[in-house]
Amino acid sequence: AQTVTQSQPEMSVQEAETVTLSCTYDTSESDYYLFWYKQPPSRQMILVIRQEAYKQQNATENRFSVNFQKAAKSFSLKISDSQLGDAAMYFCAYRSHYSIQGAQKLVFGQGTRLTINP
Amino acid sequence: DVKVTQSSRYLVKRTGEKVFLECVQDMDHENMFWYRQDPGLGLRLIYFSYDVKMKEKGDIPEGYSVSREKKERFSLILESASTNQTSMYLCASSFSYEQYFGPGTRLTVT
């Protein structure tokens, strides 16, 4: 079974600075997806960024980028130029590439609460 | 935009009551999911459904059941609520790799 671990329960950063959230995972599969989801206070969870395991290039979405290290099974999220609206719970998640029944489920990490200091 | 709605944001029930949590999505997605979210544990999958009337157990199905009679609606049922089922419940739907989440129902069982 796959597992996802986020070892930082809480992080804080000054507004406009850069912060990196860590995530490690364990799997025996070679093809899969990795995601970072954001859950703002009292608001719905939304997808921030995704990475396909077969792609060597790290995914980027505006101020959000990932450092995907497949051999090390590491998938960190970097937020540049942090803004007050980035304050949220961030979850790392894993999904198998295969689309057989049951394989579309996400396995989540424990979450990291990010605080932005003005 | 995909919209996933849940019937209640906050719910308080008594031990032993039967509880229904409803989830509706408006994008004709085949897949729907129920998770519970607890501090320090992240989200854990309770049940999911890949088609009408089809369901699969997730990682923590004990004490729960589900119903999917229509494609857009997926219900989570607590047959006899217990205090250890006090939690945040999140519904999600998907067509491919991305899951779209509802706002969550914070259930308190007293």
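Just so we're on the same page: letters track the sequence lines, and every chain starts at 1.
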_Residue part contacting chain A, namely of R106(B), when any heavy atom lies under 4.5 Å_ = neither
*Atom group of Y97(B) that falls short of 4.5 Å from chain A, counting heavy atoms*: both
_Largest heavy-atom contact set with chain B, pairs under 4.5 Å, which of R50(A), Q110(A), M89(A), R113(A)_ = R50(A)
_Interface moiety of D59(B) toward chain A, non-hydrogen atoms closer than 4.5 Å_ = side chain
*Hey, do the aromatic rings of F35(A) and F91(A) have their centres closer than 6.0 Å?*
no
*Contact class of S94(B) relative to chain A, heavy atoms under 4.5 angstrom*: side chain
*asked:* Would you call the rings of W36(A) and F75(A) parallel, tilted or perpendicular, taking 30° and 60° as the class edges?
replied: parallel
*Please check if the distance between the ring centroids of Y47(B) and Y64(B) is under 6.0 Å.*
no
*asked:* Tell me if a side-chain donor or acceptor on T27(A) pairs with a main-chain N or O of E29(A) at a distance below 3.5 Å.
replied: yes
*Of the backbone (N, CA, C, O) and the side chain (C-beta and beyond), which part of L41(B) lies under 4.5 Å from a heavy atom of chain A, both, or neither?*
backbone
*Treat each ILVMFWY residue as a node, draw an edge where side-chain heavy atoms are under 4.5 Å apart, and state whether V13(A) and L77(A) are in one component.*
yes
*Side chain, backbone, both or neither: which part of Q6(A) has an atom under 4.5 Å from a heavy atom of chain B?*
neither
*asked:* Does the plane of the ring in W34(B) sit parallel, tilted or perpendicular to the ring in F74(B)? Use 30° and 60° as the thresholds.
replied: tilted
